[in-house]
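Below is one structure, written out as structure tokens; the observations come after it.
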4 protein chains.
Amino acid sequence: MNKVILVGRLAQDPEVRYTQSGKAVASFNLAVNRFSSGQGQNNADFIPIVAWEKLAETCGNNLTKGQKVLVDGRLQIRSYEANDGQKRRVAEVVAQSIEFLERRQAPASSGDAGNTDINSFGKDVYPEEEIPF
Amino acid sequence: MNKVILVGRLAQDPEVRYTQSGKAVASFNLAVNRFSSGQGQNNADFIPIVAWEKLAETCGNNLTKGQKVLVDGRLQIRSYEANDGQKRRVAEVVAQSIEFLERRQAPASSGDAGNTDINSFGKDVYPEEEIPF
Amino acid sequence: MNKVILVGRLAQDPEVRYTQSGKAVASFNLAVNRFSSGQGQNNADFIPIVAWEKLAETCGNNLTKGQKVLVDGRLQIRSYEANDGQKRRVAEVVAQSIEFLERRQAPASSGDAGNTDINSFGKDVYPEEEIPF
Amino acid sequence: MNKVILVGRLAQDPEVRYTQSGKAVASFNLAVNRFSSGQGQNNADFIPIVAWEKLAETCGNNLTKGQKVLVDGRLQIRSYEANDGQKRRVAEVVAQSIEFLERRQAPASSGDAGNTDINSFGKDVYPEEEIPF
DNA sequence: TTTT
DNA sequence: TTTT
């Protein structure tokens, strides 16, 4: 059992990258307010969220900065080598599903662009299974 | 909503410290297996757990390395200044409740010590509200 | 561990009653859609929610039919005697916290009534700790 | 979002039945203690659990009365016609995964029967998708 | 670094 | 009995 359930707002637009083998991976920070029934406080945890494959593309196509979502996932500790050569650990939530809690207005000229089409992203290439960020 | 539910085993005995004002705080890593119905794999996330006050003392008194527990809490991102002067962020689960999923054998000579008595710990002093580790 | 987390819409306005000793208790059904990322389906579970005391009054004062909320609670099985004298069991979720996922428009003439003031309810009397519905 | 997480003990051995189309469905009650960190109380909710297909067979093969498990699932309200012709509603948790929190001793003569082999069950026939109990 |  |  490793379950995380968060309600918050995207601190930025999701960034969608691709592994070498072409798997999509989306990432963004979720601003989760600390006293969640409250209203007036500006005290939040900024929690890194990662989504893979089909869910990653849904994120890229449908989510934007400020949007309120519920993230259901698991907490993962990932090791990486920092710039100074040191091994460091980072925690992130690997999303298993994301529920939109707010309808977003369609982008300015619908039928056209916006960042709503994942295929408009260039496919940067990354080593397979290594998260590209 | 910021909810985390984990089942795992303590990677080490809890460490109990005290803030300047005398608040107890326990910390340990929880080894959470990645494919939890599985049996043979030794692939786990080591997730930092923090407990405060009464719950911290319960941890110090009752939990030992290897013990299986369920932790219910919230995910928190904490900033701190690293040794190299850099500001760094660490994620940890602040426990709201801990359920023992295994009875532990009483320590060798019960009636006596072991590390089961929190009061046997010296009360190191730390600045209030700054987590001492 | 007995944890329930639901996102749904109130199927009706909360009903607030009082036990003999004056404890408030609110109840309503929550319509929880079965395939929650979906949009077009009208297939839902109608799950009975119960809230006590301060939370009950918050429900009576702030929630209305159709509103989207997140309920965090526990699942409880309650026995009662039915009209035909038979003992029957009902499941309900006892809310521990409720998060509003939608701002509601203020009632028609704010500053005045609406059903936003719990104190405008008559205090029906019920035997202590027996849920009055 | 419709999530239920329970820790408790099986109140009886799982019963495994089959729908007309051959889908396995297991059912049992889970005894979930009300004050879960406590020790001395014998006050529990008996919550009906249902599992389908592969998970149902795993239940039939591996779970027995008294065993401690963690159930992760969703809460479902099901309508049925009672013996007196009345329509009645029952709540149950549809398990999505079940984690064994206790190793069970192998049945008396391993290599032989016990109720550990799902195929030893006769396949009772039920109308498709109608839960057979 | 950040959301409303 | 029901929500959008």
Side-chain angles (χ1 to χ4, degrees), chain A residues 6-15 27-49 59 63-71 90 92-93 98-105 133, chain B residues 1-2 75-81 86-91, chain C residues 6-15 26-49 59 63-71 90 92-93 98-105 133, chain D residues 1-2 75-80 86-91:
Chain A
L6 304 170
V7 172
R9 293 182 183 277
L10 278 82
Q12 71 269 149
D13 288 345
E15 213 178 331
S27 62
F28 56 89
N29 284 298
L30 192 71
V32 179
N33 288 329
R34 285 217 170 155
F35 311 107
S36 61
S37 302
Q39 53 268 46
Q41 86 296 354
N42 56 353
N43 183 242
D45 288 291
F46 290 85
I47 299 177
I49 310 292
C59 289
L63 296 182
T64 57
K65 176 176 174 173
Q67 197 167 354
K68 191 174 198 170
V69 297
L70 182 153
V71 173
V90 64
E92 58 208 355
V93 172
I98 296 180
E99 195 164 327
F100 308 155
L101 299 176
E102 260 182 16
R103 207 54 29 220
R104 275 279 117 152
Q105 52 282 15
F133 41 88
Chain B
M1 164 98 320
N2 180 336
L75 178 55
Q76 173 180 270
I77 309 293
R78 188 162 52 85
S79 296
Y80 68 99
E81 192 156 332
Q86 295 253 264
K87 213 173 149 191
R88 220 158 280 158
R89 298 172 164 281
V90 64
Chain C
L6 304 170
V7 173
R9 292 181 184 277
L10 277 82
Q12 72 269 152
D13 287 346
E15 214 177 331
S27 62
F28 57 88
N29 285 297
L30 192 71
V32 180
N33 288 329
R34 285 216 171 156
F35 311 108
S36 60
S37 304
Q39 51 267 47
Q41 86 294 354
N42 55 353
N43 182 243
D45 288 292
F46 290 86
I47 299 177
I49 310 292
C59 290
L63 296 182
T64 56
K65 175 177 175 172
Q67 198 167 355
K68 191 174 198 170
V69 296
L70 183 152
V71 173
V90 64
E92 57 207 358
V93 171
I98 296 181
E99 196 165 326
F100 309 155
L101 299 176
E102 260 182 16
R103 206 51 32 219
R104 276 279 118 153
Q105 51 283 14
F133 43 87
Chain D
M1 163 98 321
N2 180 336
L75 178 54
Q76 173 180 270
I77 309 294
R78 188 160 54 85
S79 297
Y80 68 99
Q86 295 251 263
K87 215 173 148 190
R88 219 156 282 155
R89 296 170 167 283
V90 64

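First the proteins, then the strands, lettered A, B, ... as listed; each starts at 1. We use all heavy atoms of the structure for the numbers below, so side chains are in, but hydrogens, waters and symmetry mates are not.
The side chain to side chain contact (heavy atoms under 4.5 Å, CB included) search around Q86(B) returns D84(B), R88(B), not counting sequence neighbours. Under the side chain to side chain donor-acceptor pair (under 3.5 Å) criterion, R89(B) pairs with no residue, sequence neighbours left out.
In terms of modelled atom types and a separation under 3.5 Å, the side chain of Q67(C) and the main chain of R9(C) share no donor-acceptor contact.
Within 4.0 Å (heavy atoms only), G66(A) reaches sugar-phosphate atoms of the nucleic acid but no base atom. If you check every strand for non-hydrogen atoms under 4.0 Å, K68(A) touches nothing.
With dT4(E), dT1(E), dT3(F) as the choices, the nucleotide that has an atom nearest any side-chain atom of N29(A) turns out to be dT1(E). Which of dT3(E), dT1(E), dT1(F) sits closest to the side chain of K87(D) comes down to dT1(F). Picking from dT3(E), dT1(F), dT3(F) the nucleotide with the shortest atom distance to the side chain of R89(D) gives dT1(F).
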(Q) Assess the residue pair Q76(D) and R34(C) against the criterion (side chain to side chain contact (heavy atoms under 4.5 Å, CB included)); give the C-alpha distance rounded to whole Å, side-chain angles, the decisive distance to 0.1 Å, and a yes or no. (A) CA-CA 9 Å; Q76(D) 173 180 270; R34(C) 285 216 171 156; 3.3 Å; yes

Evaluation steps, side chain to side chain contact (heavy atoms under 4.5 Å, CB included), between I47(C) and I77(D):
CA-CA 7 Å; I47(C) 299 177; I77(D) 309 294; 4.0 Å; yes

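Applying the 5.5 angstrom centroid cut-off and the 30 degree plane-angle cut-off, the aromatic ring of F46(A) is stacked upon the base of dT2(E).
Look at CG on D13(C): it is 15 Å from C1' on dT4(F), rounded to the nearest Å. Between the CD1 atom of I47(C) and the C1' atom of dT2(F) there is a distance of 13 Å, given to the nearest Å. Look at CG on D45(A): it is 13 Å from C1' on dT2(E), rounded to the nearest Å. Between the CG atom of L6(A) and the P atom of dT4(E) there is a distance of 18 Å, given to the nearest Å. Atom CD1 of I77(B) is separated from atom P of dT1(E) by 13 Å (rounded to the nearest Å). The separation between K65(C) atom NZ and dT3(F) atom C1' is 8 Å, rounded to whole Å. The distance between atom CG of L63(C) and atom P of dT2(F), rounded to the nearest whole Å, is 21 Å. Atom CG in N43(C) sits roughly 14 Å away from atom C1' in dT4(F) (whole-Å rounding).
Phosphate contact (OP1/OP2 of dT2(F), side-chain N/O of R9(C), threshold under 4.0 Å): absent.
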